[in-house]
Amino acid sequence: MSTDQSRQCPPQWLESAAIYQIFVASFQDSNGDGCGDLAGLTARLAHIADLGFDTLWLCPIYDSPFRDAGYDVRDHKRIAPRYGTLADFDRLVAALHARQMRLIMDLVPGHTSDEHPWFIESRRHAANPYTERYIWSPTTFCGPGECEYPGSFIRGAAERDGNYLSNFFYFQPALNYGFADPDPRQPWQLPLDHPAVLATRQEMLSIMRFWLDRGVDGFRVDMAPSLIRANDPQALKAARCRFWTKVREELRRDYPDIALIAEWSHPGEAIESGFDLDFMIHFNQASAMKVMRGENCRTIVNLNDVSYFDAAGRGELQTFFSEMQAHLARIGNRGLLSVPTGNHDLPRYSVNRDEAEIKCLLTFLFTLPAVPTLYYGDEIGLRDLSPLPSKEGGYRRTGARTPMQWDDTEGAGFSTAPAADWYLPLDPDSQRPTVARQLRQDDSVLQHVKRLLKLRREWPALGARGLFRQLNSPDQPYPVIYERQMGRTCLRVAINPLAQPVVGTCDPFLADYACVAGEAVVKQSRRDSRATIHLAGRQYAVWTYAY
Ligand code: GLC
């Protein structure tokens, strides 16, 4: 538990932020090599700002052999040449700050590439300062009981006599942050205060400082719970919490306004560990999957869940709501959660959804007590091109990483390179969605994103800090109806993702109300103890009223 809990709170800007995540290789190519880059991205900031986003999260842009799309870092302090130079990076930061926008970098502290100089040293036979910076088994051919720990040890990849623990793919050796409860029979499990372990931590902090000194506003910490190890789950929890809380305290002293965002998928735990924000998405969060996808993505993610937002309407939201409420209760004002539209690891939310369905889902996601996060391209319903041959360790994730579609020209405004040189192929459909087209259409997904973000800015009750109360009864799952409140200001949201019309009932509106987005018919008389809300298929509405 934090020693400093009473004072922990996220930076104020994060509470009203809207985050736009970019997979840089596919966003905007500026030099005609078929791969997106920092200069291209900088030239597109107006688009992101016009939508209403003020915070960018960039997938890793560090030097890398790119066998896991850059999550295999080879040099933490160098920009990958395909993305540009440090000077390009500085220009991006300056351009963002000039627009009052912020930059969140992806930080990958749990592992490096096997081509990282630290690992090249670590795998040598001769002892050196990096020998214990990664987690190694005592010998290559371990006898019974010599190296017992769940996880993949990679055998035969080193000159030294030992196997390294991989953190994700086999070429991503796990850095050594120590064991909370090292087993005395397993001396390779180093304690948390071992000098090599402390050195790993210091090295990571100095990398963070390097980027913070260049103006970065925070980090999205890849696989945040993976750093500290333990044999006992309770010991693990406590040690992880102490670790991140200390990192936070140390950095906050010098950089008081930065945001630490976790890839933890358990906001309750992540915020208790000192993070400012965490996502409700994938691994721990089956319920979030139920919101985003289910039947419609079975071919891609092989899930049996049904999404509430499927037009066939066999989903349920109660597990999601109760998980979200539990997280919110646990984090209080100390942190925030976000339910993103997608990310570079997940199928696009557009799979098997048309524009009307996407708009219903977006209305839901952007009116939750959460920080809105949108994955690039989701503002136009960019399609998932799965199955594609795997690119840079993407496998089934590859289809959600294809080039941004800016306009209706041949290269979609993404690149002037010949198609064969593109990082990934363009959606071949002549009707593929583009930013240019959707800017011209008043009812497009893009305009909807813009309107929703504007609505949130106008009505803080709709934001991350407004109270949330579900109004439809769980036995009547469609439409979903909920209230958001801050002080005397209330907003109500009703959404019907089904193909057919539905009528919902809820507490009556207690005062004059006005519809501020979408449309629906509300029926209530002075004497009624319930209001009825009539929604056509795939319709939503948002009302405001004051107590
Ligand atoms: C995270 C990233 C994912 C990456 C993995 C290993 O889950 O989101 O893309 O492959 O970590 O770093």
Side-chain angles (χ1 to χ4, degrees), residues 19-27 36 56-76 80 83 104-116 118-119 134-135 151-152 154 164-175 177 204 207 218-228 260-267 269-270 275 277-286 288-289 292 300-301 338-348 373-378 384 386 388 390-402 423-424:
I19 303 175
Y20 189 90
Q21 184 201 344
I22 298 181
F23 188 78
V24 182
S26 291
F27 197 62
L56 287 197
W57 152 23
L58 300 187
C59 284
I61 52 173
Y62 316 101
D63 177 54
S64 165
F66 290 105
R67 292 160 83 195
D68 184 14
Y71 286 90
D72 46 335
V73 180
R74 184 166 50 196
D75 184 344
H76 292 94
Y83 294 141
I104 302 286
M105 279 182 101
D106 223 308
L107 179 83
V108 193
H111 51 265
T112 64
S113 155
D114 60 358
E115 293 184 22
H116 196 291
W118 302 342
F119 186 70
Y134 294 82
I135 302 179
S152 310
I154 307 302
Y164 67 86
L165 186 70
S166 88
N167 211 27
F168 195 72
F169 287 131
Y170 76 91
F171 47 79
Q172 288 160 313
L175 280 162
Y177 291 88
M204 205 43 73
I207 288 162
F219 299 98
R220 174 267 189 186
V221 180
D222 183 75
M223 294 178 69
S226 76
L227 274 56
I228 302 288
L260 287 179
I261 298 180
E263 186 202 25
W264 199 300
S265 283
H266 197 300
E269 231 173 277
F275 282 93
L277 182 144
D278 184 25
F279 299 103
M280 273 183 82
I281 203 164
H282 63 148
F283 15 96
N284 297 329
Q285 229 72 54
M289 277 297 210
M292 302 300 296
I300 301 175
V301 289
S338 177
V339 191
T341 60
N343 71 22
H344 58 291
D345 294 331
L346 297 168
R348 291 268 180 191
T373 302
L374 183 126
Y375 181 50
Y376 85 96
D378 283 347
D384 197 303
S386 296
L388 282 179
S390 178
K391 173 87 176 183
E392 298 184 348
Y395 299 98
R396 72 178 180 211
R397 308 176 292 183
T398 306
R401 299 175 176 186
T402 58
Y423 178 78
L424 278 170

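All residue numbers refer to positions in the sequence shown, counting from 1. The analysis underlying the following values was restricted to heavy atoms, covering all of them including side chains, and did not include hydrogens, waters or symmetry mates. Start at 1 and go down the list; that is how both ligands and their atoms are numbered. Please read these numbers as outputs of a predicted model, since none were measured by experiment.
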Task: Test item: R220 and Q21 side chains (from C-beta on) under 4.5 Å apart, heavy atoms - done: no
Open item on the list: Out of all atoms in ligand 1, which are within 4.0 Å of some heavy atom of H344? Include the element for each.
Closed with: 2 (C), 3 (C), 8 (O), 9 (O)
- [ ] Under 4.0 Å from a heavy atom of M223: give me the atoms of ligand 1 that qualify, with their elements.
- [x] 6 (C), 11 (O)
- [ ] Assess whether ring-ring contact (aromatic ring centres under 6.0 Å, His included) is satisfied between Y134 and H116, documenting all intermediate values.
- [x] CA-CA 12 Å; Y134 294 82; H116 196 291; 7.5 Å; no
Open item on the list: As an exercise, identify every atom of ligand 1 less than 4.0 angstrom from a heavy atom of H111.
Closed with: 6 (C), 12 (O)
- [ ] Below 4.0 angstrom from a heavy atom of R397, which ligand 1 atoms are there? Numbered from 1 as shown, please.
- [x] 3 (C), 4 (C), 9 (O), 10 (O)
- [ ] Run the salt-bridge test on D384 and R397 with the 4.0 Å N-O cut-off and return the result as yes or no.
- [x] no
Task: Side-chain donor/acceptor of Y71 to backbone N/O of D222, under 3.5 Å - done: no
- [ ] With heavy atoms only and a cut-off of under 4.0 Å, state how R220 meets ligand 1: side chain, backbone, both or neither.
- [x] side chain
Open item on the list: For the backbone of L346 and the side chain of Y375, can you confirm whether one donor and one acceptor N or O come within less than 3.5 Å of each other?
Closed with: no
Task: Backbone of D72 reached by a side-chain donor or acceptor of S64 within 3.5 Å - done: yes
TODO: Enumerate the atoms of ligand 1 whose separation from the nearest heavy atom of D345 is less than 4.0 angstrom.
DONE: 2 (C), 3 (C), 7 (O), 8 (O), 9 (O)
Task: Identity of the nearest option to atom 2 (C) of ligand 1, non-hydrogen atoms only, from D222, V73, N343 - done: D222
